[in-house]
Amino acid sequence: EVQVLESGGGLVQPGGSLRISCVASGFTFNTYAMAWVRQAPGKGLEWVSSISGSTFSGSGDSTYYADSVKGRFTISRDNSKNTLYVQMNSLTAEDTALYYCARGGQYCPTITCPFDSWGQGTLVTVSS
Amino acid sequence: QSALTQPPSASGSPGQSVTISCTGTSSDVGGYKYVSWYQQHPGKAPKLMIYEVIKRPSGVPDRFSGSKSGNTASLTVSGLQAEDEANYYCSSYAGSNNLVFGGGTKLTVL
């Protein structure tokens, strides 16, 4: 069974940093594109960042970011641990959201892959 | 990148059909085949219902169908059932390595 499980959320002060993680199981993690999607309280979904998988991109990770987080967030993956990360710096109140980890595809350009499995999310709250 | 435009709400009676629209531009919905639809029940994670405009993942009932005309994509739910009541979000590749979601539509089964 495909599963992704996020962790690491919490309360952080404005201007602070946080790294959240997503452990995957039930599929060949390194071959799939992965992504972070967030949802502010009571709001809609917002794509945050994606990272390529080895099937489509070969060696080397390609990373992509929404304009709202570019330069502040860094997505990465550790295929030996089946884990996806996002390092979030210079956080503001507008970054407060439930952050979902989502599986993309194997055979599609990273950003075009639909998200076919989602975790339950980890809540990041930015407040003083 | 601006969000795609969805109606805030839609409704229908059990057994009826309802269509939810998702309007973008020629730079996103109109320019690519990469439109997806997600269903989200309150307090739950989103679920993929349609991808590449018209394709249905395994396990999604064929009551759900997708289409596109110009800059507007649509999700049609036929034979409405109580469990279809949820929020629905569209997404589209928007070029230049960007992905954009719609604001969401709350579907109510009357």
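Small disclaimer: the values here were computed from a predicted structure and weren't measured.
Placement of A:I20 and A:V48 within a single hydrophobic cluster is found when ILVMFWY residues are connected by side-chain heavy-atom separations under 4.5 Å, directly or transitively. Under a hydrophobic-cluster definition in which Ile, Leu, Val, Met, Phe, Trp and Tyr are linked whenever side-chain heavy atoms come within less than 4.5 Å, directly or via other members, B:I20 and B:V109 are assigned to the same cluster. A:V4 and A:W47 are members of different hydrophobic clusters when ILVMFWY side chains are connected at heavy-atom separations under 4.5 Å. A:L45 and A:L84 are not part of a single hydrophobic cluster, where members link through side-chain heavy atoms under 4.5 Å apart. One hydrophobic cluster, built from ILVMFWY side chains closer than 4.5 Å, holds both A:W36 and A:L18.
Among A:I111, A:T112, A:T63, the one residue that satisfies the side-chain contact (heavy atoms from CB on, under 4.5 Å) test with B:N97 is A:I111.
Here CG of B:N98 is found 10.0 Å from OG of A:S50. Values are rounded to the nearest 0.5 Å.
The two residues B:Y89 and A:K43 have their closest heavy-atom pair at OH-O, 3.7 Å.
For residues 76-107 of chain A, the pairs satisfying ring pair (Phe, Tyr, Trp, His ring centres under 6.0 Å) are A:Y100-A:W118, with sequence neighbours left out.
Looking only at side-chain heavy atoms (C-beta outward), B:F101 and A:V37 come within less than 4.5 Å of each other.
Residues of residues 37-67 of chain B that come closer than 4.5 Å to chain A, counting heavy atoms only, are B:Y38, B:Q40, B:G43, B:K44, B:A45, B:P46, B:L48, B:Y51, ordered by residue number.
Of the atoms belonging to A:F115, heavy atoms from both backbone and side chain fall under 4.5 Å from chain B.
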